[in-house]
Amino acid sequence: MSTRIAFLKGHGTENDFVIVPDPENSLDLTPAAVAALCDRRAGIGGDGVLHVVRSAAHPEAAGMAAEAEWFMDYRNGDGTVAEMCGNGVRVFARYLQHAGHVAEGDLAIATRGGVKSVHLAKDGDVTVGMGAARLPEGDVTVRVGERSWPARNVNMGNPHAVAFVDDLAHAGDLFTPPPFGPAAAYPDGVNVEFVVDRGPRHVAMRVHERGSGETRSCGTGACAVAVATARRDGADPAVTGTPATYTVDVPGGRLVITERPDGQIEMTGPAVIVAEGEFDAEWLENAVR
């Protein structure tokens, strides 16, 4: 009898993930295996994989084990490794609650972008402490077809280029990465956000996520957008001394982002577990051949 491997499916503002519980880090999730799991026609389907591992059992997270019991070993839908995923952290926390590992309240989750503080609220929303943004110097430009825009370079533990546009349709289909320049600004590629205003401290965005294409939502991208918008609006909390809160609409829902005067950013939004089951290890082996 072939081995059965447990999985769950979850999403945060429709940024969806295959969740693979593996506390002792015993599974060899190769890039090809991750891509097969995320295949929407021949696999389970998702924007990425949340590999759930105890920090002490993973060589990249063992140094964080004293602060956070669980490590989010996140992979993009194409199998590449990512530093962080804001929606993924919320869904990861919801899984830990669903599985009985944690209760409502505060917890810490280890990621490649560091240990993240998470709060599971009674109303179902999840708030994640996303750390502080870095704003690298230098001009950046992104392009779609014949249109081009200046973009703000924002790093949330992963790289973002935020462009303000007149119409979200100008972003095109976002199947392929929008060209950017200079190449040296993002040597490992970039997540590109296109942003329009909806009202006071309220914007909407579309995003091309590096390694996944256009997704219904991007948590780190929403944070980058809020930071870039605050700077554009002259609402830098470090200067004004007051927090700046922005509502960011994404195709899959709504996120609320707050940047505090000390630079720390919090993201609040929903996280849902929609299904759980098993897949056949033999199927996965055959899928990656």
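- No continuous path of ILVMFWY side-chain contacts below 4.5 Å connects Phe194 to Val227, so the two sit in separate hydrophobic clusters.
- At least one donor-acceptor pair under 3.5 Å links the side chain of Asn155 to the backbone N or O of Gly157.
- Taking the six-membered ring for Trp and thresholds of 30 and 60 degrees, Tyr186 and Phe180 have ring planes more than 60 degrees apart, a perpendicular arrangement.
- Between the side chains of Ser26 and Asp22, at least one donor N or O lies within less than 3.5 Å of an accepting N or O.
- No side-chain heavy atom of Glu83 sits less than 4.5 Å from a side-chain heavy atom of Met156.
- Using modelled atom types and a 3.5 Å distance limit, the side chains of Asp197 and His202 yield no donor-acceptor pair.
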Chi angles and distances behind the side chain to side chain contact (heavy atoms under 4.5 Å, CB included) call for Arg198, Val203: CA-CA 5 Å; Arg198 290 286 188 245; Val203 296; 5.7 Å; no

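- The aromatic rings of His170 and Trp149 sit parallel to each other, their planes meeting at less than 30°, with 60° as the upper class boundary.
- We find that Arg231 and Glu259 are joined by a salt bridge, their nearest charged nitrogen and carboxylate oxygen being less than 4.0 Å apart.
- Side chain to side chain, Asn15 and Thr13 fail the donor-acceptor criterion of an N or O pair below 3.5 Å.
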Evaluation steps, side chain to side chain contact (heavy atoms under 4.5 Å, CB included), between Leu27 and Val20: CA-CA 9 Å; Leu27 297 176; Val20 181; 3.6 Å; yes

Derivation of the side chain to side chain contact (heavy atoms under 4.5 Å, CB included) call for Val126 and Val118: CA-CA 7 Å; Val126 182; Val118 179; 3.5 Å; yes

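- In this structure, Asp39 contributes its side chain and Gly45 its backbone to no donor-acceptor pair below 3.5 Å.
- Ion pairing between a basic and an acidic side chain is recognised when a charged N comes within 4.0 Å of a carboxylate O; Glu276 and Lys9 show no such pairing.
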Test side chain to side chain contact (heavy atoms under 4.5 Å, CB included) applied to His160 and Val192, step by step: CA-CA 6 Å; His160 297 267; Val192 182; over 6 Å; no

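- Remark: Glu193 does not engage Arg152 in a salt bridge, criterion side-chain N to carboxylate O under 4.0 Å.
- With Ser217 as reference, Asn87 is the one residue of Asn87, Asp16, Asp47 to meet the side-chain hydrogen bond (donor to acceptor under 3.5 Å, both in side chains) rule.
- Relative ring orientation between His98 and Tyr95 is described as tilted, the plane-to-plane angle lying within the 30° to 60° band.
- For Arg112 and Asp73, the salt-bridge test passes: some basic side-chain N is under 4.0 Å from an acidic carboxylate O.
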